[in-house]
Amino acid sequence: EISKGSFYWYFKSKQAVFAHIVEAWADEVAGEMATQFREAMTAQQPYAAIALALIREAKRSRKIIPVWIEFLAEASREEYAREVLGKFHARLRKVLTELLELAVDDNVSEPEVAALASVALASFFGLLCQELTDPDFAGFQTHMTDFMKLIAREVVAARS
């Protein structure tokens with residue numbers, strides 16, 4: 001247990017606590033993404049490995065998604081929250097972009113890779129939010145597994 005005075009010794013405001021939580025989560029997520037997805041891309045069946053990595057990350061993220069939704073609501077009201085979450089999203093998009101650049105063909109442009117990273121991030125959070133509100137239909141694991149099968153099939157077809 002910590003006293004209010006001690007708490008504010010470490011954090012000067014509610015905004016500072018918010019920023020610290022989001023930055024700590026960004027560190028954790030970015031590190032996990034880099035490790036899991038680099039390993040997945042070198043696997044014998046990379047798309048299945050990526051699906052499993054996404055499912056593992058979703059399992060970890062389910063614990064924080066209700067708090068995440070609160071953070072998004074705060075961002076709709078407060079500039080500091082928009083800035084903090086904007087930095088969080090930018091950091092994850094950067095990691096995703098770097099990982100995707102390793103996986104795509106040379107004919108995919110930098111803006112296209114960046115767009116893919118942005119859509120992938122939005123899809124991840126969106127599917128977790130859907131699962132929270134509609135678990136009977138929008139199960140993350142089922143949809144992500146089926147989606148990665150589709151991507152793998154399309155990539156193979158495109159290369160044929």
Side-chain angles (χ1 to χ4, degrees), residues 17-76 81-160:
V17 173
F18 175 83
H20 177 77
I21 291 169
V22 173
E23 288 169 15
W25 193 34
D27 288 344
E28 185 179 333
V29 171
E32 281 295 317
M33 281 174 45
T35 300
Q36 288 189 52
F37 295 105
R38 282 190 207 290
E39 289 173 7
M41 286 185 205
T42 60
Q44 196 168 26
Q45 295 182 328
Y47 297 100
I50 290 168
L52 289 175
L54 287 165
I55 290 164
R56 280 193 303 271
E57 186 55 35
K59 187 175 185 177
R60 287 176 357 94
S61 296
R62 278 184 190 99
K63 296 173 187 166
I64 200 164
I65 204 72
V67 176
W68 182 252
I69 292 168
E70 290 295 327
F71 287 171
L72 291 173
E74 183 76 6
S76 73
R82 276 190 295 281
E83 290 175 14
V84 169
L85 289 179
K87 288 177 186 175
F88 174 86
H89 286 126
R91 184 170 177 188
L92 295 187
R93 277 193 311 270
K94 183 178 187 287
V95 170
L96 275 172
T97 299
E98 290 169 356
L99 291 168
L100 289 168
E101 285 172 343
L102 300 172
V104 298
D105 293 337
D106 291 337
N107 63 347
V108 179
S109 70
E110 286 182 32
E112 290 170 329
V113 175
L116 181 57
S118 185
V119 169
L121 185 62
S123 297
F124 180 84
F125 283 117
L127 192 51
L128 281 175
C129 289
Q130 285 182 61
E131 182 182 69
L132 182 68
T133 59
D134 189 8
D136 294 333
F137 175 73
F140 186 96
Q141 183 168 339
T142 300
H143 288 306
M144 190 53 66
T145 301
D146 289 346
F147 177 72
M148 291 309 295
K149 286 178 187 174
L150 172 67
I151 295 296
R153 188 174 67 232
E154 292 302 313
V155 167
V156 169
R159 290 183 178 165
S160 297

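These values consider heavy atoms only, across backbone and side chains, with no hydrogens, waters or symmetry-generated copies.
- Pairs engaging residues 112-127 under the side chain to side chain donor-acceptor pair (under 3.5 Å) rule: Ser109-Glu112 [sequence neighbours left out].
- For the residue pair Leu128 and Ser61, the shortest heavy atom distance occurs at CD1-CB, 3.6 Å.
- Nearest heavy-atom pair across Leu85 and Ala75 is CD1-CB, 3.7 Å.
- Shortest non-hydrogen contact noted between Ala26 and Leu92 is O-CD2, 4.4 Å.
- For the atom pair CG (Leu116) and CD (Glu101), the distance works out to 11.0 Å, reported to the nearest 0.5 Å.
- Remark: of the listed residues Phe124, Phe125, Phe147, Phe124 is the sole one forming a ring-ring contact (aromatic ring centres under 6.0 Å, His included) with Phe140.
- Rounded to the nearest 0.5 angstrom, Ile151 CD1 and Met144 CE are separated by 10.0 Å.
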- Task: Might you work through the side-chain contact (heavy atoms from CB on, under 4.5 Å) test for Val67 and Trp25, ending with a clear yes or no?
- Result: CA-CA 11 Å; Val67 176; Trp25 193 34; over 6 Å; no
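- No donor-acceptor pair under 3.5 Å is formed between the side chain of Thr35 and the backbone N or O of Glu32.
- One distance of note links CD of Gln45 with CE of Met148; it measures 12.0 Å at 0.5 Å rounding.
- Considering only residues two or more places apart in sequence or on other chains, Arg38 meets the side chain to side chain donor-acceptor pair (under 3.5 Å) condition with none of them.
- For the residue pair Leu54 and Phe37, the shortest heavy atom distance occurs at CD2-CZ, 3.6 Å.
- Of the residues listed (His143, Gln141, Arg62), the one engaging Glu131 in a side-chain hydrogen bond (donor to acceptor under 3.5 Å, both in side chains) is Arg62, and it is the only one.
- Glu83 meets the side chain to side chain donor-acceptor pair (under 3.5 Å) test with no other residue; sequence neighbours excluded.
- For Ser76 (side chain) and Ala73 (main-chain N/O), a donor-acceptor pair under 3.5 Å exists by modelled atom type.
- The minimum heavy-atom distance between Thr97 and Ala117, with the atom names listed, is OG1-CB, 3.2 Å.
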- Test log, rule side-chain contact (heavy atoms from CB on, under 4.5 Å), inputs Leu150 and Asp146: CA-CA 6 Å; Leu150 172 67; Asp146 289 346; over 6 Å; no
- Would you sort out whether Ile69 and Leu132 count as a side-chain contact (heavy atoms from CB on, under 4.5 Å), showing the intermediate values? CA-CA 11 Å; Ile69 292 168; Leu132 182 68; 3.5 Å; yes
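- Ala49 and Ala43 get closest at one heavy-atom pair: CB-CB, 3.7 Å.
- The structure places CD of Glu57 at 6.0 Å from CD of Gln36, a figure rounded to the nearest 0.5 Å.
- Of the inter-residue distances, the one linking Arg91 atom CZ with Leu96 atom CG reads 12.5 Å to the nearest 0.5 angstrom.
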- Step-by-step side-chain contact (heavy atoms from CB on, under 4.5 Å) determination, Val29 to Arg60: CA-CA 9 Å; Val29 171; Arg60 287 176 357 94; 4.2 Å; yes
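- One finds the CZ atom of Phe18 at 10.0 Å from the CD atom of Glu23 (value rounded to the nearest 0.5 Å).
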